[in-house]
Amino acid sequence: MDLTRRYRTLVCAQAMLGVLAFSIAERNGWLLAIGGGAMGAAWRLTRSGDRPAIPRWAVNLGALAAIGWLGVELRYFTDQAVISIGHFMIGLQVLLLWGRRSHRDDAMALVLSMLEMVAASLLSFSLIYGLLLAAYSMLAIWTLMFFGFSSTREGVARQARSVVWNGNGGVGRLTASSAAVLDAASVRSLRRTGLVMGATVLAVAGWVFLAMPRSPDSEGGRRSMILPLAQVGFVDQIQLGQGGASATDQEPVLMMSLQSQGEPFGSSGQVWRLRGAVLDRFDTRSSTWLRSRSVRRYDMRLLVGSPDTELAPLSARLPRVTATITMRRFAGEQLFTPFPPTRLASSEISAFAFNSLDQRMQLEYRPTRGSITYAMEYPLRYDQGVFEAYDRLGERMSRHRPDWEMPTEASVVPQAYARGWSTDLDRVRGLAERIIQDQGLGRDPALINDERDGAIARALTTYLQTRYQYTLDTPPTPEGKEPITEFLFDQPRGHCEIFASSLAALARSLGMRARVITGYLASEYNPVGQYYVVRESDAHAWCEIETEPGVWRWFDPTPPSEISSPHRGGRSWLTQFRQVMDHLDFLWVRLVVAYDKQSRQQILTGVMERLESMGMDTPAGFRRTAWRLVERTVAAGSAVLMTAWGWVVTLGAAAAAVMLAVGLARRLRVRRRTRVLRDEGLSEAERVRLAREARHYLAALLLLERHGLRRPAWQPGLSYARDLSAQWPEVFGPLVTLTELFYRCRFGGRDLLEDEEPAERALAQLRSGLERFTSERPWRAA
């Protein structure tokens, strides 16, 4: 094995794996292409170590440039410090690998690679990163072992270069050989060491995982140690008139599983809306929907009890659904909820804020990790009693708040909340009145509520759905124009945000209460895990309109054909494969990333209960349980064999197993025979040919190894055979004959089977000679 080439390959592979993990965590394809390509080129140009690709002064100059670029990124991207430092470390790695490759440079490159993995862990916790981290850890073991071998070899080489010459021009002192080659025995020992160390690392990691959960109740639970990525799609405010496209990223944001009466609830044909931000004020100067400051004064701090908090009592006559939501990329304090929620339960949330006026829910503190799981209970149909319970909850909580926390305009805000429109009021109201008049409806703008508000809201919604065109690419609003009126009267094309804003404007112009909601649509159902996958591209905006006193209903003016998610899936194998991978990623988040104290207790309790139920709490019980498992397995196998398909499957599996065993045995035989050559340059086809045609010579080498004789890696085979024959010709003379025959086969293309008779005779003589001198083994003393 060429130590230098293998060592340099491992260092570059370690560095490239760190770049791959960081690029995936940042979701930066250009970084992967540029950084990975530069490292791959550096490996190709500098793996021999003869000369550097760039001089040392250029490396130092590049390092100064990288430091300057880091300062620029930290200056202008203050919220992305981890990403900026990651770019800096990748740049330094490329420079180190392109320069003269000393062990100090390689050590720095490896340390930078480890820091990249740490930085990637702050940006991502996906299954792909977990797999890359496992591969990186195992590769690091091999790289560090080869680093030790190579550094030792470099020290020996330094000593060998410090030769002392005597006066006659001869060598006075010479160190041992420093050839960068490992023989077969060293390679086997290295592999065993690597496997033992890998198994030890896995065992320790498993113990640490089970013993030290990521608890949200830790000391740092009130401040996030994760720097979130910019979350595309969901926004907590809407600025109109900017143009551009909506989010198209397919990164999963959350998973939602539904249950009704203990059974899975939901299918791919259903669409659910998860509300997030509630926007009730439109700023005419910036054309932006915001949440009023006066509304925030109604936020109430609620503690999650044991283990849930009831927001509103739910009548027994109402069907209810429990939604369990796992936030994947938690970039803020917002909790996404089906509407209207009546109960919250979570072992990871100690307190949250709930607003009785707009029913917005959010955490008080960002969690310490990038994921969080909570459950919401809500009725399947609207009930006025739920909203009345919200009001009572707000009144009850306000009585216990200090005076300085009380709203200053408690009697005014609810009356004016989410009402009124001022931007081009006459045109907007005129259009709204024409729409409802075509449906035989009318409304007095002075009224807060009207019994026909539900029908009016549906008429306005239908008008927008059928008369306007949905597009992801919304052209920017011309200067001097207002985005909503431009959409309603001049440019009937836009995305969901402008549709929702226009519906709110039409409803408000008639005196109705209306607010804009931003959140997500859940329509991609995963039948493998029986849950909905919500991606960043599923970000959506719609309206909530008060149709009865205190009762808010959602209305979505976006054309229904455009609302239907493109992720509903199909029956192709690619879709099914994606669903399986999504489910594995979901399990990774639920079982690994979100592992906490409660999860650990559930695992331990479940294991103990299972052992007790199976009678395995004693050694005798363990033996009985093992025997029962064997009996059940045999019975199940017999039942399968009783069917025709069972026989077909069994015979097919048996044939496949036999073919696999034969192929594996053949491959192992070839490996066992040819490993004694210690020639890594052999191709697989050449190995197979030599294992068949030169089997006598290979058998001779294996025979020598069993008697404690191993050819040095630096000495050719024929020279080694002649040295042994010169000392003990009666024993090793046949080895010279076998080696000469092998040379004809290996380098002359002659089939050794043509000389099978002399090869058989020479091998028999060598075997008998070795057995005759086994007791003495004089060559071992030499």
Side-chain angles (χ1 to χ4, degrees), residues 1-3 153 156 160 170-171 173-192 668-682 686-782:
M1 178 186 293
D2 189 338
L3 176 61
R153 181 196 64 80
V156 173
V171 178
R173 179 170 60 87
L174 182 64
T175 61
S177 172
S178 61
V181 178
L182 295 178
D183 57 14
S186 299
V187 172
R188 290 196 298 272
S189 176
L190 189 62
R191 288 174 179 171
R192 287 194 297 268
L668 291 176
R669 183 174 66 252
V670 170
R671 287 286 183 182
R672 184 176 63 86
R673 286 183 177 180
T674 57
R675 68 171 175 80
V676 293
L677 296 177
R678 277 169 284 180
D679 190 349
E680 298 295 337
L682 290 175
E686 188 69 10
R687 288 178 181 273
V688 174
R689 185 182 74 85
L690 292 178
R692 179 177 61 87
E693 299 178 0
R695 64 176 184 271
H696 300 91
Y697 175 70
L698 300 179
L701 294 182
L702 291 173
L703 183 64
L704 292 177
E705 284 192 357
R706 285 197 296 269
H707 285 80
L709 293 171
R710 188 184 303 275
R711 175 177 64 86
W714 54 267
Q715 188 174 17
L718 186 58
S719 174
Y720 176 66
R722 287 173 177 173
D723 286 349
L724 291 178
S725 178
Q727 299 184 56
W728 298 283
E730 67 280 4
V731 178
F732 297 104
L735 179 62
V736 178
T737 302
L738 286 171
T739 307
E740 291 175 345
L741 293 175
F742 170 73
Y743 273 34
R744 297 176 188 176
C745 175
R746 174 71 175 88
F747 304 106
R750 179 183 176 88
D751 191 346
L752 193 58
L753 296 179
E754 299 177 2
D755 303 315
E756 185 170 5
E757 184 176 350
E760 288 278 4
R761 186 168 54 252
L763 181 60
Q765 292 174 358
L766 178 63
R767 183 179 292 109
S768 62
L770 288 173
E771 291 176 354
R772 189 167 56 252
F773 289 93
T774 296
S775 57
E776 300 178 7
R777 296 187 181 182
W779 52 83
R780 290 222 173 160

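What you see below is based on every heavy atom in this structure, not just the backbone, and it leaves out hydrogens, waters and symmetry mates.
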Checklist line | Contact summary for Leu718 and Glu740, nearest pair of heavy atoms | finding: CD1-CG, 3.9 Å

Margin query: I'd like to check the side chain to side chain contact (heavy atoms under 4.5 Å, CB included) partners of Ser725; sequence neighbours left out, ordered by chain and number.
Written below: Pro729, Phe732, Val736

Notebook entry, point to check: In Å and rounded to the nearest 0.5 Å, what is the OH to CG distance from Tyr720 to Leu704?
Noted result: 5.5 Å

Item checked: From Leu738 atom CG to Leu766 atom CG, the distance as rounded to the nearest 0.5 Å -> 6.5 Å

Note to self: Would you compute the distance between atom CD of Gln727 and atom CZ of Arg722 and round it to the nearest 0.5 angstrom?
What the structure shows: 15.5 Å

Next item on the list: Measure the spacing between CG of Leu763 and CG of Leu741 and express it to the nearest 0.5 Å.
Entry: 11.5 Å

Notebook entry, point to check: How long is the gap from CZ on Arg761 to OG1 on Thr737, to the nearest 0.5 Å?
Noted result: 9.0 Å

Next item on the list: Indicate the atoms forming the closest heavy-atom contact of Thr739 with Leu735, along with that distance.
Entry: OG1-O, 2.7 Å

Next item on the list: Using modelled atom types only, decide if a donor and an acceptor are shared between the side chain of Ser768 and the backbone of Gln765 within a distance under 3.5 Å.
Entry: yes

